[in-house]
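Contents: one structure, followed by commentary.
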Number of protein chains: 2
Amino acid sequence: MTDTPFNSWQSVQEEVLARIHSRQWKPGDLIPNEADLAQEFGCARATVNRALQNLADEGLLDRRRKAGTRVATHPVRKATMYIPVIRQEIADKGHEYGYELICSERVLPPTEVCNIMEFGRRARAQHIVCIHTADGRPYVIEDRWLNPKWVSVEEISIFNEISPNEWLVTHVPFTEGEIMFSAMSAGKTEAGLLSCKEGEALFVINRTTRNKQEAITSVRLIFAPGYRIETGI
Amino acid sequence: MTDTPFNSWQSVQEEVLARIHSRQWKPGDLIPNEADLAQEFGCARATVNRALQNLADEGLLDRRRKAGTRVATHPVRKATMYIPVIRQEIADKGHEYGYELICSERVLPPTEVCNIMEFGRRARAQHIVCIHTADGRPYVIEDRWLNPKWVSVEEISIFNEISPNEWLVTHVPFTEGEIMFSAMSAGKTEAGLLSCKEGEALFVINRTTRNKQEAITSVRLIFAPGYRIETGI
DNA sequence: TAGTGGTCTAGACCACTTG
DNA sequence: AAGTGGTCTAGACCACTAA
């Protein structure tokens, strides 16, 4: 039992972290079980559990029933990226937001999009291209395919005023999705829309959202040169 | 009180999710307090708390004392990217891993690096450039600066055999860090090392790790063309 | 100042998994 | 079979903050 009791799960977590960082508990080491730690720290087991579970969620501990808790050998670095609505992202940076609809058409999607969204080959879908600007400068191209089942024909006219990016968030719920980060060279089209040179390196986010397996929309966001996305570890 | 009791926090979470997805509880709505939900679901308040807290962590609910719990109006999409050790990432994809040290020198870092790592302007640091290959093809360039305080001169020779990326994980603990994703065009150097054309778009990860504020290392990972990083939402 | 979420406790039972 | 983490409960008190 230590002299100062650890009466909050945060303080327990800090103590455990300190022991890991000081290498008193090294990667791969088995640490004492919850009951023993609770006694040592002078708190309830649930409190220890909360702390250890949190550290395990963050990837610093490996826990298995019966096998016990070990310090992770390869602390998988989890980086959590927050992906805001584009209008907010621009406003948060202190710039004036602008939006322009470039094109809206109901056509047969390319097979690549059909595959991702699991569409039949003969169904038309809504294709929308628009651009978001910050202080008048192009910020990102939004190139989106919409499953018409989730957006009625009447609703589509709203995209003259509000970006699909923003409208969908509050009007169509989703249950799962995938997201992908990559890089591409600006072609003639992108260079024109983003007013940059052909061949410049652009940051790209692809995102598909679904409601109970069924695809709602698939979007490709092509950012102007220099864009980057940051977070803490 | 519903007929079927919800006796696990997961089932409570599912029920709450179902109500959000069915728009019974819409974005911005105030939902009942924990005590009421506990009674309705026939479980303890702690169980409801666990479920709601988890949903709040995922960004689907906004919770504030006294103000209550609301369905998030702009469900901030949190994407959690898992950043494995490069050797493992390549092995997981079923390729044969290779590693080559390109350069290791103790020199004055450029001011850009000094700023990020908060170095004095006159202190030398260890600069290491190496390359990771998959089935013999260049996969990623690792361009790293090391704070000499954390790695002794004797230890540096190990990087002939093991990449800093892998060695650091198990030998030097860190407490915080920043990570940044971006895109760049291949210059002459990158094109040479990655055997790609000059001007191709490359995906880049910058990462700095610290131990109690003090910078340990700052690395830039420049991936071969076509690299992308994916995750679920 | 009152209502809400945040957390702790002590005890209990269960689920998993290793030896 | 037994040890470990995972979770539930009921009750309690606390911390924050909107009204």
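Each chain gets a letter, A, B and so on, in the order the sequences are listed, and its residues count up from 1.
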Check this one for me: any side-chain N or O of [X] less than 4.0 Å away from OP1 or OP2 of [N]?
X	N	answer
A:Arg64	C:dC16	no
A:Asn7	C:dC8	no
B:Arg63	C:dG6	yes
B:Asn49	C:dG6	yes
B:Thr69	C:dT4	no
B:Gln53	C:dT7	yes
B:Arg65	C:dG3	no
A:Thr47	C:dT9	yes

Assess, by modelled atom type and distance only, whether the side chains of [X] and [Y] contain a donor and an acceptor separated by less than 3.5 Å.
X	Y	value
B:Thr209	B:Glu176	no
A:Thr133	A:Glu100	no
B:Ser163	B:Glu166	no

From [atom1] of [X] over to [atom2] of [N], roughly how many Å is that when rounded to an integer?
X	N	atom1	atom2	answer
A:Asp62	D:dT4	CG	C1'	15 Å
B:Glu34	C:dC8	CD	P	14 Å
A:Leu52	D:dT4	CG	C1'	12 Å
A:Asn54	C:dT7	CG	P	10 Å
A:Arg50	C:dC8	CZ	P	7 Å
A:Phe41	C:dT9	CZ	C1'	17 Å
B:Gln13	D:dT7	CD	P	11 Å
B:Leu55	C:dG5	CG	P	14 Å

Check your understanding: In terms of side-chain heavy atoms of B:Ala67, which of D:dT7, D:dG5, D:dA18 is nearest?
Key -> D:dA18
Practice item. Within residues 24-32 of chain B, find the residues that approach DNA chain C with a heavy atom at under 4.0 Å, and present them sorted by residue number. Key: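 DNA chain C contact set from residues 24-32 of chain B: none.
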Exercise for review: With the side chain counted from C-beta on, respond yes when A:Phe203 and B:Phe203 share a heavy-atom pair under 4.5 Å apart, and no when they do not.
Suggested key: yes
Check your understanding: What's the spacing between A:Ile83 CD1 and A:Ile229 CD1 if we round to 0.5 Å?
Key ->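 Here the rounded value is 5.0 Å.
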Show me the donor-acceptor pairs within less than 3.5 Å that the side chains of residues 51-64 of chain A make with the rest of the protein, sequence neighbours left out.
unit_1  : atom_1 : unit_2  : atom_2 : d
A:Asn54 : ND2    : A:Gln13 : OE1    : 2.8
A:Arg63 : NE     : A:Thr69 : OG1    : 3.2
A:Arg63 : NH1    : A:Glu34 : OE2    : 3.3
A:Arg63 : NH2    : A:Glu34 : OE2    : 2.6

Review point. Under the salt bridge (charged side-chain N to carboxylate O under 4.0 Å, His left out) test, which residues partner B:Arg207, sequence neighbours left out?
Key: none
Point to revise | Which residues share a salt bridge (charged side-chain N to carboxylate O under 4.0 Å, His left out) with A:Lys26, sequence neighbours left out | key: none
Enumerate the protein-to-nucleotides 10-13 of chain C contacts in which both atoms are nitrogen or oxygen and the separation is below 3.5 Å.
unit_1 : atom_1 : unit_2  : atom_2 : d
C:dA12 : N6     : A:Arg45 : NH2    : 3.0

Practice item. Tell me which of A:Lys66 and A:Ser8 sits closer to the 5' end of DNA chain C, going by the nucleotide each one is nearest to. Key: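 Closer to the 5' end of DNA chain C: A:Ser8.
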Check your understanding: Between A:Thr80 and B:Thr80, is there a donor-acceptor pair closer than 3.5 Å when you use the side chain of the first and the backbone of the second?
Key ->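 Not confirmed, A:Thr80 side chain does not pair with B:Thr80 backbone.
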Check your understanding: Among all residues two or more places apart in sequence or in another chain, which pass the side-chain contact (heavy atoms from CB on, under 4.5 Å) test with B:Pro84?
Key ->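 Expected list: B:Glu89.
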